[in-house]
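Beneath this line is the structure, given in structure tokens, with notes to follow.
By convention in this document, chain letters (A, B, ...) are assigned in the order of the sequence lines, proteins followed by strands, and residues within each chain are numbered from 1.
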Amino acid sequence: MIYNKKPAVIDRMILNSVQRDAILYDGGPQLVFAGAGTGKTRVLTAKIAHLIEKGYRPGQLFAATFTNKAAREMRTRIEGLIDISLDGLWIGTFHSLCARMLRLECRHIGYMPSFTIYDSDDQVSIVKKVLRELDIDDRSIPPRQALGAVSRCKNACITPEEFEKQAKGYYDQEILSVYKLYQKKLREQQGMDFDDLLCNTVYLLRQKPEILQRYQEIFKYILVDEYQDTNVAQFQLIKLLSKKHGRVFAVGDDDQSIYGWRGAQVENILSFEREFPDTKIFKLEQNYRSTTAVLNFANAAIAQNLNRAQKQLWTDRQGGEQVIVNRFRDDRQEAQCVAEKILSSMNGKIAGQDIAVLYRTNAQSRAFEEAFRRARIPYVLVGGIGFYERAEIKDCLAYLRLLVNPKDSVSFERIFNVPSRGLGDKAHESLALVAQNKQCSLLEALLTCDISSLGSRAQKGFSDLKTIFELLIDLEKKGEKPHEILLQVLQLTGYMDMLTADDSEEARGRVENINELVNAMVFWKNENPSKKLFDFLEEVTLISDVDSWNKKENAVNLMTLHCAKGLEFKHVYLVGLEDGILPSRQNTDDERKIEEECRLLYVGATRAMEKLECSHVDQRWRFGDLIPSSPSRFLNAIPENLYVFRDNSNYFGQTAQRNELPSKPVRALNSSATLRTPAAPAKQQQVQRNIPQYDDFSQDTVEFRMGQHIRHKVYGRGRILSISGFGEDMKLTVLFNDGSRKKLMAKFASIE
DNA sequence: AGTATCCCTGGCACA
DNA sequence: CAGGGATACT
Ligand SMILES: Nc1ncnc2c1ncn2[C@@H]1O[C@H](COP(=O)(O)OP(=O)(O)OP(=O)(O)O)[C@@H](O)[C@H]1O
């Protein structure tokens, strides 16, 4: 037996001495406080494995990671390290851990375990309703702003009662009433938003000492990754859970705190020692990820921030490729040139999946997607409009959510007339009235109340809907498999028929998506035979952008800087380093926010292992207008000897090659051009002669129709009223948004 | 009364 | 580029 005994985890992993110390230390609160790429995540993983190996049961560990994906990966790593089942281990994001606890305990705070978790769209629709009911003009307080204010309160664990005490002035009073009514509505429909998951857990533990005590005894260790991005509610939770034994193990880096706008507080990590007495701090100083070139650049970037803890950070990966800073004319050239650079790396020995293009906002991805498609570079886009945010998917989920929680009126309102059943505002209002009288939800009213007071058309619609729900609820009660229920939803409601009747490309895509949803549910059920429908619904609402990201064979990764946190790539392109983008326009007013933007640059730069290229452009397309843009103030503050500057703004691409490229867009264009207007090919020639090759693929496909929306370099947006002439002489009469009417030569007007 | 359609505006982080 | 509002159509 002795021969079979593996050496301890700690001896099987590559760890430096500080890492080892941190893992072995067992004397109370610990903070691993270190810069990027120093192996913090590795320590956390090893710590968990070590604790389990030492005899802690997985169920005694509470480990919070920043994304579900990180949790999954960590779990897999740990499973590979020790031969002990991890069943019962509490590992996940704070949100999913809290949801798990609340499913078990929410009865104590007036919720049913079948409560629904609302995503941000749901939140917005509730706030809109609240504003309407309170007669607040949504131009005086935009819903998103109201929501932001409410969310800030919740993230800071400020109850409406507490807010009332500190509320000053008219605006605060309005927010207070929104906050109160919003919470009332959530509660009425057994809904919790993302913030509630955290603050209701804290509330529960504070209100019910016996429950708190139970969990304090269950969890022997509280482990937290990315501690710098915890908010007040999360901090309170950690504090409450660890109070008895003080076994908190946190890792983080104040320089990587980038979620302040979501309530995270860097102060949490900076005052860790004060909050947790007798904390032992572990400092990791060796960066194992990046070359000196990359690291010096990143260090210089973050050194601009004054409000930070000094840290050492060095690497023995000497030298490496110089960091490059590129200047481009506009975002199209930026995308095009990055694509060319990537293409040549990929012809070398770098695989696409080891390359990432990182940008500040999702909107910036479009130019890169187009450039990559033209260059035939496979890519994966992380974020943007996710699968579970698509309208058809949300419709399906709304039906399912209602089966789990019939009080969920947000979902009811979403689907009661989808597909169309002849029910509109009036019908909704009547039903709401009935529901109000009976003190029940809309669906409950539909199912139990007499609705004969309604008009005949509405009655028909409602009775159809009622029948559908009766059948569905029956299926759910019988414990039918989730995907079977969904298939019935699609069948009974006629949702599928609605889509198949429509033979547009759009509708076909939706059918495909729904099929994918069915598949996902089948797959999920196989993986989790014992889980229920509401578990599925919970999981899908808590999915984040990175969670659904999988590196694809040879595909370049496109994502926001926020998404890139904790990841690493051999080559990294940081694009759009301009004032107004990074730092983002909205965050240039406040020093704290500017510092957070700077940290974003630091996070981005430190993702690179071997090669880092940055870029900024002179002009950028924004909502259809070309606006000037200047290099980021952060770049200006980095010593010039730490990078090579390349001005590409006069570079006009590999013109000759372009013509020979037998690419698909060209063919598509020829065929459509000849189909539509015989004059088009001539125009295409014209365009190719007049306009530099580098950025004008879309110009080639120019075709005009009456009524088409266009934008013009000088006049901005407008609509085509009439077309005369053809070929080079085609003239357009355009009505611009400022009311002016102009006649233009088609070949000079740039369209959107 | 309800629905389809056109037009206009507002606006990029994310669990 | 989508969600909301006015408008015209069934
Ligand atoms: N002791 C070590 N020896 C060699 N390589 C290591 C060691 N510890 C970690 N690494 C490697 O260094 C890289 C960074 O590690 P890790 O992701 O754990 O760092 P981190 O501190 O969490 O980074 P970040 O804060 O940027 O997310 C990884 O590729 C990891 O495999």
>> So if I take every side-chain heavy atom of A:Trp261 and compare against B:dC14, B:dA15, B:dC12, which nucleotide ends up nearest?
In response: B:dC14

> Expressed in angstrom and rounded to an integer, what is the separation of A:Leu147 atom CG from B:dG11 atom C1'?
Replying inline: 16 Å

Give every pair of a protein N or O atom and an N or O atom of nucleotides 5-10 of chain C that lie under 3.5 Å apart, one pair per line with the distance.
none

> When the ring centroid of A:Phe194 is compared with that of A:Tyr118, is the distance short of 6.0 Å?
Replying inline: no

>> Less than 4.0 angstrom from a charged side-chain N to a carboxylate O is my criterion; do A:Lys593 and A:Glu597 meet it?
In response: no

> Under 4.0 Å: is that the gap between some side-chain N or O of A:Asn155 and OP1 or OP2 of B:dA15?
Replying inline: no

> Given B:dA15, B:dC14, C:dC1, which nucleotide is nearest the side-chain atoms of A:His95?
Replying inline: B:dA15

>> Can you measure A:Phe94 atom CZ to B:dC14 atom P for me and round it to whole angstrom units?
In response: 20 Å

>> From the set B:dA15, B:dG2, B:dT3, return the single nucleotide nearest to any side-chain atom of A:Lys426.
In response: B:dG2

> Is the number of heavy atoms from other residues, nucleotides or ligands within 6.0 Å of OH (A:Tyr388) greater than 12?
Replying inline: yes

> Taking CE from A:Met498 and P from B:dT3, how many angstroms apart are they, rounded to a whole number?
Replying inline: 13 Å

> Nearest to the side chain of A:Arg622, which nucleotide is it out of B:dC12, B:dA15, B:dG2?
Replying inline: B:dC12

> Hey, are A:Arg72 and A:Glu539 close enough for a salt bridge, meaning a charged N less than 4.0 Å from a carboxylate O?
Replying inline: no

> NA contact type, A:Leu197, heavy-atom cut-off 4.0 Å: base, sugar-phosphate, or nothing?
Replying inline: nothing

>> Quick check: on DNA chain B, is the nucleotide nearest A:Thr361 upstream (toward 5') of the one nearest A:Asp195, or the reverse? Name the residue that is more 5'.
In response: A:Thr361

> Are more than 12 heavy atoms from other residues, nucleotides or ligands located less than 6.0 Å from atom CZ of A:Arg366?
Replying inline: no

> Any side-chain N or O of A:Thr560 under 4.0 Å from OP1/OP2 of B:dC14?
Replying inline: yes

>> Distance check needed: C:dG3 C1' versus A:Asp122 CG, whole Å only.
In response: 15 Å

> Which residue lies toward the 5' end of DNA chain B, A:Glu597 or A:Asp425, if each is placed at its nearest nucleotide?
Replying inline: A:Asp425

> Using a cut-off of 4.0 Å on non-hydrogen atoms, how would the nucleic acid contact of A:Asp121 be classed: base, sugar-phosphate, or nothing?
Replying inline: nothing

> In whole angstrom, what separates A:Arg620's CZ from B:dC12's P?
Replying inline: 16 Å

> OP1 or OP2 of B:dC14 less than 4.0 angstrom from a side-chain nitrogen or oxygen of A:Asn362, does that happen here?
Replying inline: yes

> Separation of A:Leu423 atom CG from B:dT3 atom P, in whole Å?
Replying inline: 7 Å

> Rounded to whole angstrom units, what separation is found between the CG atom of A:Leu131 and the P atom of C:dG4?
Replying inline: 13 Å

> Does A:Ser420 make a side-chain N or O approach to OP1 or OP2 of B:dT3 shorter than 4.0 Å?
Replying inline: yes

>> Is there a side-chain contact between A:Lys128 and the phosphate of C:dG4, meaning an N or O under 4.0 Å from OP1 or OP2?
In response: yes

>> Under a 3.5 Å distance rule, please check whether A:Ser257 uses its side chain to pair with a backbone N or O of A:Asp253 as donor and acceptor.
In response: no

>> Could you go through A:Lys154 and A:Asp193, starting from their C-alpha distance and side-chain angles, then the distance that decides it, and tell me whether this counts as salt bridge (Lys or Arg N to Asp or Glu O under 4.0 Å)?
In response: CA-CA 10 Å; A:Lys154 295 214 243 176; A:Asp193 63 19; 2.7 Å; yes

> Are A:Phe328 and A:His616 close enough that their ring centres sit under 6.0 Å apart?
Replying inline: no

> Roughly how many Å is it from CZ in A:Arg132 to P in C:dG4, rounded to a whole number?
Replying inline: 9 Å

> Looking at the side chain of A:Asn417, which of B:dA15, B:dT3, B:dC14 is the nearest nucleotide?
Replying inline: B:dT3

> Taking the side chain of A:Cys563 as heavy atoms from C-beta outward, which of B:dC12, B:dC14, B:dG2 is closest to it?
Replying inline: B:dC14

